[in-house]
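Take a look at the structure below.
Note: hydrogens, waters and symmetry copies are ignored here, and every other heavy atom, side chains too, is used.
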Amino acid sequence: MKSFSLTESQLPFDLDLSLSCGQIFGWKKTRDTWKGVHNGSIVTIRQKGILIEYDGLSQQDVIRFLGLSDPISDIIESIREHIIAYKGSPDRFFETRYSQSRGLRILRQHPWECLVSFICSANSNVSTIGKRINLILGRYGTSCTLFENTFPDPAVLSQCQEPELRECLTGYRAPYLIKTAQYIHEHPDFFHQVRKMEYHQAKDTLMNLPGVGPKVADCVLLFAFEHLNAVPVDIRIRKIIEDKYASLIHTDKSGKLPYDTIGGFCREYFGPYAGYAQQYLFATRDLEKGEVTRSAELP
DNA sequence: CCCCAGGTCTGCT
DNA sequence: AGCAGACATGGG
């Protein structure tokens, strides 16, 4: 395995949290080593303190994939400054969540792999999504080694049979995957075009794809296109915002807030790194079994 | 047998 | 534009 050491400006970094917090699916950890698919390759990575050991990618690509070039101390500082500017005092709830998810990075996924993953994610849970992705890799993946596959190309998925794809636990999402694959296959420069667009235009463009609504589009923009202001609003984030931040949102409505109201508020409140703030709120290390409201309440 | 999950689409007002 | 229902399926 190749290796490098994290520098001061790249700390804190937490590989386990970054790979298991629900921004990427299908990665498996055996003992201390993670293995998964990235950019058409099988990649292995492990972290021992400040040492990163890896294989299957160049060092440059590992650094990019793991978001290790992000100015992480500037990012948290920016988020805190925007909070102060907005409401005049620190945000205890955010700080509690942040303290439990320090070291998290926004990964830089391959757009196609990310798009497939999040079309599969609709109305499902993290563990099921991971199984779904691995079943797709197993059945349709382009062969890498004997037992390891990477994401099937758009051409492959566009021509697969829907009943067969449904055997990969995709359910009603199968036709979305096939139609989206057809579109990407017929427009090979689609991702290249999207990459050049500003946030809102890129989002509108992605939302033209079958199975891609505002949430999936925001996930792809945040996790694959480096739009760090994109805020995916899922059930968990919606509950947090409606429970903890409703009083800060100027709206005539009561009850369920529209998607763009929540996303727009987060961008105003947290600033241009709202996507990072959202991940800190979403991805608390020990949140997975019902500790949603215990540890952090206003003073 | 119930409800929930990193939602989207369709078809009504 | 905004709002219910339908949609497959595993987990708890």
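- For A:Gln279, counting side-chain heavy atoms from C-beta on, the closest listed nucleotide (C:dC7, C:dG10, B:dG6) is B:dG6.
- A gap of 14 Å separates the P atoms of B:dC3 and C:dA6, to the nearest Å.
- If you check every strand for non-hydrogen atoms under 4.0 Å, A:Ile119 touches nothing.
- A:Phe223 comes within 4.0 angstrom of a nucleotide base, judged by non-hydrogen atoms across all strands.
- The base of B:dG7 does not come close enough to the side chain of A:Tyr259 for any donor and acceptor atom to sit less than 3.5 Å apart.
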Original post:
Please walk me through it: do A:Phe65 and A:Trp34 pass ring-ring contact (aromatic ring centres under 6.0 Å, His included)?
Top reply: CA-CA 14 Å; A:Phe65 172 52; A:Trp34 287 93; over 10 Å; no
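- Look at the C1' atom in both B:dC1 and C:dT9: the space between them is 16 Å, to the nearest Å.
- Across all strands, A:Lys179 comes closer than 4.0 Å to no nucleic acid atom at all (heavy-atom distances).
- The residue among A:Leu209 and A:Ile129 whose nearest nucleotide of DNA chain B is located toward the 5' end is A:Ile129.
- Of the candidate nucleotides B:dG7, B:dG6, B:dA5, B:dG7 has the atom nearest to the side chain of A:Ala122.
- Of all nucleotides listed (C:dT9, B:dG7, B:dT8), B:dT8 comes nearest to the side chain of A:Pro214.
- Looking at heavy-atom distances under 4.0 Å, A:Gly211 makes contact with sugar-phosphate atoms alone, never a base.
- Distance, A:Glu164 CD to C:dA8 P: 18 Å, rounded to whole Å.
- Taking CD1 of A:Ile184 as the reference point, atom NE2 of A:His187 lies at 9.0 Å (rounded to 0.5 Å).
- Checked for salt-bridge contact, A:Asp70 and A:Arg108 meet the test: a charged N lies under 4.0 Å from a carboxylate O.
- A distance of 6.0 Å or more separates the ring centres of A:Tyr199 and A:Phe225.
- A:Val233 comes within 4.0 angstrom of no nucleic acid atom, judged by non-hydrogen atoms across all strands.
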Subject >> Evaluation steps, ring-ring contact (aromatic ring centres under 6.0 Å, His included), between A:Phe270 and A:Tyr86 >> reply: CA-CA 9 Å; A:Phe270 295 115; A:Tyr86 192 101; 9.3 Å; no
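- Between C:dA8 and B:dG11, the two P atoms lie 14 Å apart (nearest whole Å).
- The CZ-C1' distance, from A:Arg173 to B:dT8, rounds to 10 Å in whole Å.
- Position along DNA chain C of the nearest nucleotide to A:Pro258 versus A:Asn123 favours A:Pro258 as the more 5'-ward residue.
- Stacking of A:Phe282 onto the six-membered ring of B:dG6 is present: less than 5.5 angstrom between centres, less than 30° between planes.
- Across the P atoms, B:dC4 and C:dG5 are found 15 Å apart, a figure rounded to whole Å.
- Proximity of A:Lys239 to the phosphate of B:dA5: a side-chain N or O atom is located under 4.0 Å from OP1 or OP2.
- Going from atom CZ of A:Arg238 over to atom P of B:dA5 covers 12 Å, rounded to whole Å.
- Residue contacts for A:Pro210: at a heavy-atom cut-off of 4.0 Å it reaches the sugar-phosphate backbone alone, with no base atom in range.
- Counting non-hydrogen atoms under 4.0 angstrom, A:Ser121 reaches the backbone sugars and phosphates but no base.
- For the side chain to side chain contact (heavy atoms under 4.5 Å, CB included) with A:Leu177, the qualifying choice from A:Cys168, A:Cys120, A:Cys160 is A:Cys120, the only one to do so.
- Using cut-offs of 30° and 60° for the angle between ring planes, the A:Tyr276 and A:Tyr273 rings count as perpendicular.
- Atoms CD1 (A:Ile237) and P (B:dG6) sit 11 Å apart, rounded to a whole Å.
- Contacts of A:Leu222 with the nucleic acid, taken as non-hydrogen atoms under 4.0 Å apart, are absent.
- In this pair, A:Phe94 and A:Tyr280 present their aromatic rings perpendicular. The plane angle is above 60°, beyond the 30 to 60° band.
- Of the candidates C:dC7, B:dG6, B:dT8, the closest approach to any side-chain atom of A:Val216 belongs to B:dT8.
- Below 30°, between 30° and 60°, or above 60°: for A:Phe265 and A:Tyr245 the angle between ring planes is between 30° and 60°, a tilted geometry.
- Comparing A:Val212 and A:Gly22, the nucleotide of DNA chain B nearest to each residue sits closer to the 5' end for A:Gly22.
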All N/O pairs under 3.5 Å across the protein-nucleotides 11-13 of chain B interface:
none

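- Base engagement by A:Gln278 is indicated by at least one non-hydrogen atom pair under 4.0 Å involving a base atom.
- In this structure, CG of A:Leu177 is placed 14 Å from C1' of C:dC7, rounded to the nearest angstrom.
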